[in-house]
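See structure below.
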Amino acid sequence: MIIIAHRGNVDGINPERENNPDYIDEALELGYDVEIDLRVKDKRLYLGHDKAQYPLKLGWLYKNRERLWIHCKDRESLEFCSSTVMNLHYFYHENDRYTLTSKGIGMTLVGQIPYNNSIIVLPESISYFDKYEGKYDRILGTHGICTDKCNYYRRELNEVV
């Protein structure tokens, strides 16, 4: 089962550092894959959830491509990812409950009931996980999770398994 650091977060939400390449490097060094928010503005790459915030070097993206889950935030970033020869792992969605990545992995988006072999995005936001005794059974039946609390889930799931 894979644990993906949502925007680089591993111990809770940190809006001041989310999507910062240095912050993402820290999560990668801890052994996590990382979901990033990619934007293209004026033919340049940036990271940032709500806006083009951190300039991104193509070499950094290439070096880390095997462990990045790229959330394309606009049409231009989707065009970039789909046309590059770097074999990036990317996805795009707006108001969907479920989506597929470029590598065919399903993602269950925030607040939705997960299906087997999908990635659950922010399981900590789904209250039913805490309401029954086998609260991690549903998580353990999936491909993984994308969370702001990687270290918490790493500890908790290691105890269950």
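Nothing here was measured: the structure is a model prediction, and the numbers come from that model. Starting from 1, each residue takes its place in the sequence as its number.
Here the straight-line distance linking atom CG of Asp11 with atom CG of Asp148 works out to 10.5 Å at 0.5 Å rounding. The structure places CG of Asp33 at 8.5 Å from CD1 of Ile119, a figure rounded to the nearest 0.5 Å. With values rounded to the nearest 0.5 angstrom, Glu76 atom CD is found 10.5 Å from Leu38 atom CG. The CD atom of Glu156 sits 9.5 Å away from the CD1 atom of Ile139 when rounded to the nearest 0.5 Å.
With Glu18 contributing its side chain and Ile13 its backbone, the two residues share no donor-acceptor pair below 3.5 Å. When atom types are taken as modelled, the side chain of Thr84 and the backbone of Phe80 share no donor-acceptor pair closer than 3.5 angstrom. Formation of a donor-acceptor pair under 3.5 Å by the Arg67 side chain with backbone atoms of Val34 is not found in this model. Within the 3.5 Å criterion, the main-chain N or O of Tyr90 finds a donor-acceptor partner in the side chain of Ser102. In this structure, the side chain of Arg44 does not engage the main chain of Pro55 through any donor-acceptor pair within 3.5 Å. The backbone N or O of Ser118 lies less than 3.5 Å from no partner atom in the side chain of Thr108, so there is not a single donor-acceptor pair.
For Glu26 and Arg17, the salt-bridge test passes: some basic side-chain N is under 4.0 Å from an acidic carboxylate O. Salt-bridge check for Arg7 with Asp37: passed, with a basic side-chain N closer than 4.0 Å to an acidic carboxylate O.
With Tyr32 as the aromatic partner, Arg154 meets the cation-pi criteria of under 6.0 angstrom to the ring centre and within 45 degrees of the ring axis.
Under 3.5 Å, the side chains of Asn19 and Gln53 contain no donor-acceptor pair of N or O atoms. Checking Asn9 against Tyr23 by side-chain atom types alone, a donor-acceptor pair falls below 3.5 Å. Donor-acceptor pairing under 3.5 Å is lacking for the side chains of Asp96 and Thr99.
Other residues, nucleotides and ligands contribute at most 12 non-hydrogen atoms within 6.0 Å of the OH atom of Tyr62. The number of heavy-atom neighbours closer than 6.0 Å to NZ of Lys149, taken from other residues, nucleotides and ligands shown, is 12 or below. For Ile2, the CD1 atom is densely surrounded, since the number of other residues' heavy atoms within 6.0 Å is greater than 12. Annotation: Lys41, atom NZ; neighbour count of heavy atoms from other residues, nucleotides and ligands within 6.0 Å does not exceed 12.
Between Phe91 and His71, the distance separating the two ring centers is shorter than 6.0 angstrom. The ring of Tyr54 has its center no closer than 6.0 angstrom to the ring center of Tyr46.
Evaluated for a side-chain contact (heavy atoms from CB on, under 4.5 Å) with Ile145, the options Leu122, Val121, Ile120 yield exactly one hit, Ile120.
A heavy-atom distance below 4.5 Å is found between the side chains of Pro21 and Leu47.
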Pair Asn117-Thr142, side-chain contact (heavy atoms from CB on, under 4.5 Å): steps then yes or no | CA-CA 4 Å; Asn117 207 30; Thr142 66; over 6 Å; no
